[in-house]
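Working notes for the structure below.
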Amino acid sequence: MNEWMKKSPVEWQDYIYKQVKVTASEKKEYKGWVLTTDPVSASIVLVNFLEDSSLSVTGVMGHAIQTVETLSDGDHSVREKLMHLFTSGDCQVHSSEDLAKRKSSLKRWLEKNHIPVTEQGESQTICVAQVLTIEPPYGPENCISSNEIILSRVQDLIQGHLAASQ
Amino acid sequence: MLLKPGPPMQAPGSIPIPVPVLRLPRGPDGYSRGFAPDGRRALAKPAGPDTQACGESQEQRARAVLRERFLRSLLAMGGRQVSFTLHEGVHVTACFGATDLDVANFYVSQLQTPIGVQAEALLRCSDMIAYTFKP
């Protein structure tokens with residue numbers, strides 16, 4: 001087990017948005033901005049901005065990583081670009097009224113489908129059967145659950161709701 | 001009278017309509033691999049939102065953030081052409097399909113190897129140094 005794999009999640013988190021040089025097995029070197037490190041396999045995911053304004057994403061497997069050297073701290077623009085990468089499909093901003101409307105409409109839809117729904121205190125999260133949470137803006141990709149069967153069923157229901165409301 | 005008194009008959013039209021029931025499968029026990037022993041999901045019993053927030057340590061929160069970002073990056077890789085750098089200077093390209101939860105294997109299709117194209121294949125992640133794709 002190498003040094004990188006022994007680090008704690010909090011230490012890995014400190015590398016997010018920084019530009020690093022990763023030295024891997026067989027003298028391979030990879031440079032890029034850190035998107036994340038998988039806490040299970042310790043694989044690091046780097047993003048590079050290419051000249052034609054496209055992106056290139058490189059993952060270096062945790063077991064192959066020898067050293068990770070910080071080259072520079074990420075500035076605001078990099079942070080901004082990486083923050084929304086791969087997250088919710090549309091980056092459109094929802095007003096709080098719009099979100100409240102979406103939330104109540106989705107709640108009603110789930111209740112109509114006999115799904116037990118609760119709200120988690122002051123937070124905007126909808127909780128389903130104590131095992132799944134739906135975060136704003138309440139799309140299929142905003143569902144979080146460790147049970148893939150429930151996840152897929154509820155995602156299908158939300159998809160149906162979106163299709164019905166359009 | 002030929003008719004005997006029977007159970008009260010319902011007027012046609014008032015027959016109760018069966019209610020559609022969606023049965024949710026049982027949740028995970030929280031002890032299988034992939035669960036932190038002191039994680040929020042490991043409790044798997046209803047608790048107040050306050051106790052949940054306290055039980056979630058800073059480390060667990062960091063893990064969740066890192067893992068979610070990683071899983072979303074894998075999701076973005078689905079169906080795309082990915083180039084893999086393996087040991088001994090071997091480079092192959094393939095269409096990424098899926099991976100298992102401890103990232104031990106990558107399931108790929110149309111694997112282009114030096115000796116031909118393999119329609120479906122599993123790549124061992126321990127054989128791999130790095131992978132690159134364009135989102």
Side-chain angles (χ1 to χ4, degrees), chain A residues 8-14 16 22 24-26 28 30 35-41 43 45-48 50 54-65 82 85-87 113-116 118 120-123 125 127-132 141 144-150 153-154 157, chain B residues 19-28 30 33-36 39-41 44-50 52-53 58-77 80 82-83 85 87-89 99 101-104 125-135:
Chain A
S8 75
V10 181
E11 286 173 288
W12 284 326
Q13 205 178 21
D14 285 341
I16 292 183
V22 179
S25 311
E26 301 183 3
K28 295 269 191 305
Y30 301 92
L35 180 72
T36 186
T37 300
D38 175 34
V40 177
S41 65
S43 303
V45 181
L46 306 174
V47 177
N48 279 293
L50 305 180
S54 66
L55 296 170
S56 150
V57 179
T58 301
V60 186
M61 309 315 288
H63 63 83
I65 296 173
L82 291 186
L85 189 62
F86 305 141
T87 53
N113 284 281
H114 305 278
I115 305 278
T118 50
Q120 277 185 341
E122 289 296 295
S123 67
T125 327
C127 189
V128 176
Q130 301 286 345
V131 291
L132 183 140
E141 68 281 354
I144 299 173
S145 175
S146 53
N147 184 319
E148 65 222 78
I149 301 164
I150 294 180
R153 288 205 189 172
V154 174
L157 271 175
Chain B
V19 179
V21 176
L22 189 145
R23 286 192 196 284
L24 296 176
R26 221 147 46 98
R33 61 180 189 163
F35 288 94
R40 184 166 58 130
R41 303 276 178 209
K45 55 184 174 201
D50 297 346
Q52 274 188 358
Q58 193 193 354
E59 182 163 320
Q60 182 61 29
R61 213 168 306 143
R63 270 183 83 88
V65 169
L66 291 164
R67 182 70 171 170
E68 184 182 348
R69 284 164 156 261
F70 182 70
L71 292 179
R72 291 204 189 273
S73 82
L74 288 179
L75 213 53
M77 193 154 82
R80 292 190 193 277
V82 182
S83 109
T85 306
H87 283 110
E88 308 288 341
T99 179
L101 91 163
D102 47 4
V103 202
C125 290
S126 51
D127 293 342
M128 214 177 276
I129 296 175
Y131 60 82
T132 302
F133 75 101
K134 281 186 160 196

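The sequence lines fix the lettering, A, B, ..., with proteins before strands; numbering per chain opens at 1. Note that the structure is predicted; figures quoted are calculated from it, not measured.
Here the straight-line distance linking atom OG1 of A:Thr36 with atom CZ of B:Arg72 works out to 12.0 Å at 0.5 Å rounding. Annotation: the span from A:Ile16 atom CD1 to B:Leu66 atom CG amounts to 5.0 Å, rounded to 0.5 Å. The CD atom of B:Gln58 lies 7.5 Å from the CD atom of A:Gln13; values are rounded to the nearest 0.5 Å. The line from CE of B:Met77 to CZ of A:Phe86 is 9.5 Å long, rounded to the nearest 0.5 Å.
Scanning all heavy atoms of the two residues, the minimum distance from B:Thr132 to A:Ser56 falls at CG2-OG, 3.7 Å. When all heavy atoms of B:Met128 and A:His63 are compared, the pair lying nearest together is O-CE1, 3.0 Å. When all heavy atoms of A:Tyr30 and B:Ile129 are compared, the closest pair comes out as OH-CG2, 4.0 Å. Across B:Ser73 and A:Val45, no two heavy atoms sit closer than the pair OG-CG2, 4.2 Å.
Counting heavy-atom pairs closer than 4.5 Å to chain B, the top-ranked of the candidates A:Asn113, A:Leu157, A:Ile115, A:Val60 is A:Val60. When each of A:Ser43, A:Ser8, A:Cys127, A:Ala64 is scored by its heavy-atom pairs under 4.5 Å with chain B, the top score falls to A:Ala64. Of all the listed residues (B:Ala76, B:Pro135, B:Gly89), the one sharing the greatest number of non-hydrogen pairs under 4.5 Å with chain A is B:Pro135. Of the residues considered (A:Thr37, A:Val154, A:Ile149), A:Thr37 shows the highest number of contacts with chain B, using heavy-atom pairs under 4.5 Å.
Proximity to chain B (any heavy atom under 4.5 Å) is shown, for A:Ser25, by both the backbone and the side chain. For chain B, the nearby part of A:Leu50 is the side chain; its heavy atoms alone come within less than 4.5 Å. B:Ser83 does not touch chain A: none of its heavy atoms, backbone or side chain, sits under 4.5 Å away. Contact annotation for A:Leu46: neither backbone nor side-chain heavy atoms come within less than 4.5 Å of a heavy atom of chain B. With a 4.5 angstrom heavy-atom cutoff, A:Val57 touches chain B via backbone and side-chain atoms both.
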| message | side-chain contact (heavy atoms from CB on, under 4.5 Å), that's the test. Do B:Arg69 and A:Asp38 meet it? Break it down for me. | response | CA-CA 8 Å; B:Arg69 284 164 156 261; A:Asp38 175 34; over 6 Å; no
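Every side-chain contact (heavy atoms from CB on, under 4.5 Å) that A:Leu85 has, sequence neighbours left out, goes to A:Leu35, A:Val47, A:Leu55, A:Leu82. Residues satisfying the ring-ring contact (aromatic ring centres under 6.0 Å, His included) criterion with B:Tyr131, sequence neighbours excluded, are B:Phe106.
At least one donor-acceptor pair under 3.5 Å links the side chain of A:Glu26 to the backbone N or O of B:Glu88.
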